[in-house]
Each structure stands twice: as structure tokens, then as C-alpha cells.
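Let me begin by presenting the structure, written as C-alpha cells, before commenting on it.
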Amino acid sequence: MHCTRRVTEDIVWVGADNRRLALFEAVYSVPKGMSYNSYLILDEKCTLIDTADRSVTDTFLENIESTLNGRSLDYLVIQHMEPDHSATLFDVLSRYPECTVVCNQKTYAMIKAFKNKDVNAHIVKEGDTLSLGKHTLSFIFAPMVHWPEVMVSYDSASGTLFSADAFGLFGALGGALFADEVNFEKDHLDEARRYYCNIVGKYGVQVNNLLKKASSLNIKNICPLHGFVWRENIEYIVNKYLLWANYQPEERGVMIAYASVYGNTEKVANYLACRLFDRGIRCSLYDTSVTEASHIVADSFKYSHLVFASVTYNGGAFVCMENLLSDIVCHGVKGKKIALIENGSWAASAAKRMRDILAPLKDCEYLCDDISFKSAMHTDSDEKIEKLVDLIASTV
Ligand code: FEO
């Protein structure tokens with residue numbers, strides 16, 4: 001049984017959802033599932049844009065077969081070789097052996113590297129075009145968005161940008177195909193941000209390059225490889241990408257992440273969050289032992305100010321905090337105002353360790369000297385925290 005939707009009269013979504021996936025890329029939880037999008041252009045030359053993840057093979061192949069309705073597949077465009085989109089490459093080619101793979105030179109080399117097989121390939125360069133009949137595809141290279149060989153494809157006939165991983169999100173489609181069919185901001189923006197920051201957050205320069213190239217196109221539809229198709233209010237998601245790619249906060253406020261073993265450091269973090277809300281300053285507050293780092297990384301992009309509070313552990317910061325900070329550094333967060341709080345009963349050293357881990361961050365400023373507690377905060381008010389609240393209030 002097939003399950004497809006039309007993007008336009010002759011561009012058909014033939015992808016599929018996986019709602020049983022525990023971890024995307026073996027690290028990111030996806031409680032709302034994951035969509036693996038693929039698009040079939042029905043023209044004189046029928047053309048498939050990317051394949052799909054191994055987990056959805058059956059549905060994907062049924063969708064192609066029913067959409068082609070007896071026609072042959074002429075071209076298969078491989079926009080990048082990450083296996084969540086290329087795993088079923090040879091499943092498709094075995095059914096449509098006359099099909100020509102359209103890819104760039106780097107992708108062609110990766111096909112051999114991953115699959116140890118050759119394909120009948122049409123190699124394209126930046127700016128090359130391919131006529132399908134009514135539709136003409138042009139190819140725009142977007143290295144590191146999110147692998148080095150990535151290219152996106154633009155169909156001038158329909159104004160459709162097939163954007164590869166760009167503009168994707170975590171979550172299954174659940175029958176909706178277009179972003180305007182759901183309450184995107186309420187129900188999906190957080191997962192779009194988490195996807196962006198964790199998947200391509202490090203590559204803001206490269207995302208900016210792609211946005212610049214795309215700005216000269218007349219784009220009516222954006223078709224990503226994960227998540228919803230954009231056909232309305234495209235500037236909304238482009239503006240989000242401009243913020244994220246330029247490491248600009250979406251919200252003047254504070255992301256507080258703490259690591260606490262027996263709750264004393266947690267009390268300090270709670271106290272700080274309460275005092276900030278007293279002053280009308282928005283915060284998000286995370287326990288690093290509970291919340292997966294990807295969510296905290298995403299909020300580190302979202303907010304202007306970051307506060308990390310950790311108990312001392314093995315002469316450094318608590319293991320969950322160390323992992324989180326390393327993850328934040330790996331994803332290239334920059335331009336933040338930061339404060340550090342440590343707790344330690346005999347040799348407090350978490351703050352120094354946190355500073356050391358965060359040292360590679362660019363364009364960040366520490367709001368004050370590191371704040372240190374000995375075992376617990378005992379008073380109902382703490383001068384050091386009040387001073388930090390004042391500093392945040394004056395800079396937020
Ligand atoms: Fe969704 Fe870079 O693969």
C-alpha cells in the first residue's frame with residue numbers, strides 16, 4: 001500500500017516516517033519520530049530526489065512504484081551520501097536498472113566508498129543544469145550543510161528548492177506535509193532548532209553561504225529531506241536560519257544548566273532562576289543528569305546568556321556537565337554572556353574545569369568572577385547570586 005502526497009501537480013513526496021526510532025544518528029532522541037523525505041518529479045524524465053533510510057525501505061519503494069505507475073525511473077539525484085538518505089540507493093537501482101545517478105564528483109567517490117559498487121553516473125558541477133522536460137534542475141553546492149559533498153537542487157519550473165538537510169527537523173510528518181498544515185511555531189519550532197543546532201550548528205558560515213546563494217532564486221517551495229515542506233511564509237523559517245547561522249539569540253534571556261548530585265547545587269540554580277523571573281527575565285532551567293544534551297545545546301543557541309552550575313567531581317565538573325560543555329563547544333556556540341557557579345565541599349574546582357572546557361568558544365564574555373559555594377547555600381538570600389542577577393538584568 002502506498003502513502004504519498006503531492007507537493008505540486010507533478011512533484012510527489014514519496015518518503016516515509018519512522019516513529020519507532022530511538023536515536024537519530026545514534027545520539028539524538030526523537031520521541032516524535034523522524035521523517036525521511038524523498039521527492040519524485042514526474043516529467044519526460046522521471047526523477048527521484050534522494051532515497052530514504054533503510055528502516056522505511058518497504059514503504060518508500062511502494063511509494064515510488066505506485067507514483068511511477070508503470071513508468072521507468074530515469075534519474076536519481078543523490079544530494080549527499082549520508083546513509084539516512086542513501087541507504088536504499090541500490091534497492092532503487094536494482095528495480096530501475098536503466099536509471100542514471102546524478103551526483104557530484106565527491107558523492108560519486110563516496111558511493112564507491114560506502115557501497116563498494118559503481119553506478120551509471122552523470123556527474124554535475126556547481127551551477128550545472130539538467131533538463132527533465134518541463135522541469136529543469138540546477139545544482140548548487142552546499143558543502144558542510146551537512147556533509148562535504150552536499151548539493152541542493154533547484155527546479156526553476158516550479159520554484160522548488162530541494163534543500164537536502166537544510167530546513168529539516170526532528171519529528172515524523174504524521175500525514176501533514178506542509179508547514180502551514182500544522183502549528184509550526186507551537187509544536188515544531190523547538191525540534192527544528194534542536195535539529196539545526198545539533199546537526200549543522202557548527203557550520204554557520206557554510207549555512208550562510210547557502211542562504212546567500214538561495215537568496216537569488218525565486219523560491220516558492222522548500223523541500224527538505226526531513227520535516228515539512230515550506231510553501232507559505234518561507235521568510236519565517238529563513239529568518240530563523242539567519243539567526244541560528246549567525247549565532248544571534250532568538251531570546252534575550254538565560255539558559256541555566258546545572259549538575260547536582262545531592263540537590264545543593266540544584267537549589268542554587270533554582271534560586272537564581274526565581275530571582276531572574278522576579279526581574280522579568282526569561283530562563284530555561286535544565287538538570288544535566290536528566291535532560292539530553294541536544295536540548296540544552298539548542299537552548300544555548302536560543303538564549304543570550306548562559307549560566308552553568310556544577311558540583312565538583314573527581315577534581316573537575318560533574319561528568320554530565322563536562323559532557324554537555326564539550327558538546328556545546330563542538331557545536332560552535334558563540335557570542336554569549338556566561339557565568340559559572342561551582343559547589344565543592346573540600347576542594348571546589350568545577351568552575352576552573354568548566355572554564356577550561358569552554359575556552360575554545362568565540363566572542364563570549366564572562367559576566368563576573370566564578371561563584372563558589374561550599375557544600376550548600378544556607379541563607380535565603382545570597383549576595384553573589386543577587387549581584388549576578390543584577391549583571392544579567394543590566395545586559396540582557
Ligand atoms: Fe539527514 Fe545529512 O542526513
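Positions are given from 1, in the same order as the sequence printed here. Both ligands and their constituent atoms are indexed starting at 1 by order of listing.
Not one N/O/S atom of H85, from backbone or side chain, sits under 2.8 Å from atom 2 (Fe) of ligand 1.
Rounding to 10°, one obtains 110° for the angle at atom 2 (Fe) of ligand 1 between OE1 (E82) and NE2 (H80).
Atom 1 (Fe) of ligand 1 is closest to atom OD2 of D84 (considering only N, O or S atoms). If you look at D165 and ask which of its N, O or S atoms sits nearest atom 2 (Fe) of ligand 1, the answer is OD2. Summary: ND1 is the N/O/S atom of H146 found nearest to atom 2 (Fe) of ligand 1.
Under the 4.5 Å side-chain criterion, counting only non-hydrogen atoms from C-beta, H135 is not in contact with T160.
Between R193 and E250, at least one side-chain nitrogen of the basic residue sits less than 4.0 Å from a carboxylate oxygen of the acidic one, meeting the salt-bridge criterion. Salt bridge annotation for E191-K32: absent, with no cationic side-chain nitrogen under 4.0 angstrom from a carboxylate oxygen.
For the residue pair D299/S284, the side-chain donor-acceptor check at 3.5 Å is satisfied. In this structure, a donor-acceptor pair under 3.5 Å is present between the side chains of N18 and S55.
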